[in-house]
Protein chains: 2
Amino acid sequence: MAGYPIPQRLLVAIGGNATHPGSIKGTPGEQLRIARLTGEALLPIMEMDNELIITHGNGPVVGKILMRQAIARDRVPPMSMDICVAHSQGGIAYLLMQALENSLRRAGNPRHVVCLLTQVEVDPDDPAFSAPTKPVGFFFDDDEAEAVKRAFGWRMCKEGEQGWRYVVPSPQPKHIVDISLIETVAKSGAIVIAGGGGGIPVVRKPNGERHGLEAIIDKDLSSAHMANVLGVEVLLILTEIDAVRVNYGKPGEQPLGEIRVDELEKYHAEDQFSKGSMGPKVQAAINFVNRGGARAAIASLFDAEAALRGEAGTQVLPSLQRAKKV
Amino acid sequence: MAGYPIPQRLLVAIGGNATHPGSIKGTPGEQLRIARLTGEALLPIMEMDNELIITHGNGPVVGKILMRQAIARDRVPPMSMDICVAHSQGGIAYLLMQALENSLRRAGNPRHVVCLLTQVEVDPDDPAFSAPTKPVGFFFDDDEAEAVKRAFGWRMCKEGEQGWRYVVPSPQPKHIVDISLIETVAKSGAIVIAGGGGGIPVVRKPNGERHGLEAIIDKDLSSAHMANVLGVEVLLILTEIDAVRVNYGKPGEQPLGEIRVDELEKYHAEDQFSKGSMGPKVQAAINFVNRGGARAAIASLFDAEAALRGEAGTQVLPSLQRAKKV
C-alpha cells in the first residue's frame, strides 16, 4: 500500500470501547487502563502537531447509565436521552482528555487536550422518529423489559436469546453546534475532543431555540459530517478490528485494503456490512469521501499511525472519475 | 446602596439548584423548567456583552448519580468521584448552555454559550484528605449505609434523624486546568460555562501526568480562584437567598448590604455562617477580594442584574486600608 503525506488537519473517531470495555463490567480501574492504551496508541499522531479533532462513541457508558436508572427507577427519576448523552460526554471525554495528556506528558510533550460539550441538530421530521431502529444499552430479561416499558414508555425490542433492549430513533446529523469554536480551538494547537456519542441530539426551532430529543445520533455519521464541514483532509475511524471485510464469516472472506468509494458503495448496497457496527462506519467513510474528503481510513485503534500513513486498515479513496477531475 | 459601573469581565457562580431542584426528585421536565428560569434571570447580564464566565454547583445531580449507583451496585460497577463529577459537568452544563442560549434567542440575541470540561488540581497533601468533612448526595437509612460502606468503602456520617450521608474530602483548589483557554473563549465573545461542581478533582505528578481523586472541591472556592486568576473585576455568587445574614434565626438577625471584607472576616471568625451553605460563599467572597478582586456580591439568582449594579444582595468591598492605597 502506498504511503500518504500527513494531513495538516485530521479527524479521528474512536469507538466507545476506547475508554470502556464492551461488556457491562467496567470499573474505574478498567476504564483507566483502557484509556491509557488509547492514549498510547494515539501518541504518534498527537506528536505530529497537526490540527487534531477527536470524536468518540459512548455505547457502553450510556448502557450503564440507562441500566442504573432502570434499576433505581423507584427512588430516583430517570433522565431523558439527551441528558444521558451529555453525562456520557462528560465522563468519557474527561478520561480520554486525561489519558491523552498523560501519554503526551510521559513523552515530554506539553500539548493540551480539551473537551467541548457538543450538541448536534437533527431534523424533527427525520423518518427515524417514526421507525426507531437503534438498540441502546444492555439486555433486560422479560420481566424487567415489561417493567421499564411501563415505567419509562421505552420501546423494547427482543434480540433472540439475549433478551430485550431499548430501541431509539437514530436520525441523521444536520448541524454540529458551535463547530466554528471546534475549529478555532483546533487551530490554536490544542487537541479538541468533541461530538462525543454522536453529539447531544437536539432540534432547532425557527427562532433559534433548541430542545433535546430521545434519540442517539450515530457517532461515525456525526464524525463524517464534522469532518466535511471542517474541511478535514483525512477521516480516521478507529475500532477494534483491523480492516473492513467482505464475505465476513463466509467463504471468500477478505479484508479490504485500498478501495475506491464507488466500489465500496457496491459492497454496501449488497448488505455486506453489519448494521450495528461496520455498516455505519462504512457509510460514514462513503459520505466523507463523496462530500469532498480526500481519504477515509477504517482501522484498528492500535494501527492508528500506520492507517494515517495509508499502511494499515481499509483506505477509502475518491472514485477514479473524481480523482481525475481533481 | 451605590450603583457601580458594569465590569468588562465578570464571573457568575450559580448554585447546583439552578438546573435541578434541591430534593431527590428532579425529572427532566422539572430540570428544564428551572434551567429556563435561570436563563431568564441571567438574560440582562448576558445582554451586556461583557466577558462572562459562568460556574455552577452540582450537588443534587451528583446526589442522584451516587444514589443510582448505590442502588444498582450489584449489577453495574460504580464510578469514582472524579468520573461522577465529570458526568455531572456534562449533564448540568448541557441544560444550562441550552437554557441560556434559548433565553438569548427569545430576546433575538445570537450570542453563543459554550462549555469546557474542567479539571481542577488540588494538593495531594491537603489536610482535607486525612479528615473528610464534605457530605455529598442523599440520605441513606442504617441498613443501606452499612451496605454501601461495605460495598464501596465509603466513609458514612450520621446527620441526626435524617440518616447517613457519604462524606468526602474537600481540598482547596490550586490550579484550574486550561484556564487560559477559558479566557481565550470568553474574550472571543462566547459565554463560557466551566468549572462545574468545583471542577473534576485531580492531582498532578512531577512529570505533568494527572490522576483523579475521590473528593469534591467547593464550587464557590474554585470560582473565586478562577476569578482571581482571570483578573475578573466582579465575582457574583448567586444562590437561593437574597443576602448574607448575621444572627441568622436568632434575635438581631440582619441582612448585610455593603460590607468591607475585614468586617465580614470578623463575622466569619465568629462562626456566623453555616458550614455547608453560606460559609463557603462568604469564604469565597473574602478570598476573591483579599486577593485583588474589586467586589464580590452574594445575592439571589433572581436579583442577578441588580446585584451586579450593587443594588441588591451583600456587596463585599476591599478593606478601607486597601481602598485608600488604590
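The figures here come from the full heavy-atom set of this structure, side chains too, leaving out hydrogens, waters and symmetry mates. Letters A, B, ... mirror the listed sequences (proteins, then strands); counts begin at 1.
- Contact check for A/Leu104 versus A/His112: no side-chain heavy atoms found under the 4.5 Å cut-off.
- Neither the backbone nor the side chain of A/Glu30 comes within less than 4.5 Å of any heavy atom of chain B.
- With a threshold of 4.5 angstrom between heavy atoms, A/Leu95 approaches chain B through side-chain atoms but not through N, CA, C or O.
- Contacts of residues 185-207 of chain A with chain B at a heavy-atom distance below 4.5 Å involve A/Val185, A/Ile200, A/Val202, A/Asn207, listed in sequence order.
- Proximity to chain B at a heavy-atom threshold of 4.5 Å picks out A/Asp178, A/Leu181 from residues 175-183 of chain A, in numerical order.
- Salt bridge status for A/Arg165 with A/Glu159: present, with a side-chain N to carboxylate O gap under 4.0 Å.
- Looking only at distances, a side-chain donor or acceptor of B/Arg105 sits under 3.5 Å from a matching main-chain atom of B/Asn109.
- Salt-bridge annotation for A/Arg75 and B/Glu144: present, with a side-chain N of the basic residue lying under 4.0 Å from a carboxylate O of the acidic one.
- Heavy atoms closer than 4.5 Å to chain B are found nowhere in A/Val85, neither backbone nor side chain.
- Only the backbone of A/Pro78 comes within less than 4.5 Å of a heavy atom of chain B; no side-chain atom from C-beta onward does.
- With a 4.5 Å cut-off on non-hydrogen atoms, A/Gln89 touches chain B through its backbone but not through its side chain.
- Between the side chains of A/Asp142 and A/Trp164, at least one donor-acceptor pair of N or O atoms lies under 3.5 Å.
- Note: A/Tyr166 and A/Trp154 have parallel aromatic rings, judged against thresholds of 30 and 60 degrees for the angle between ring planes.
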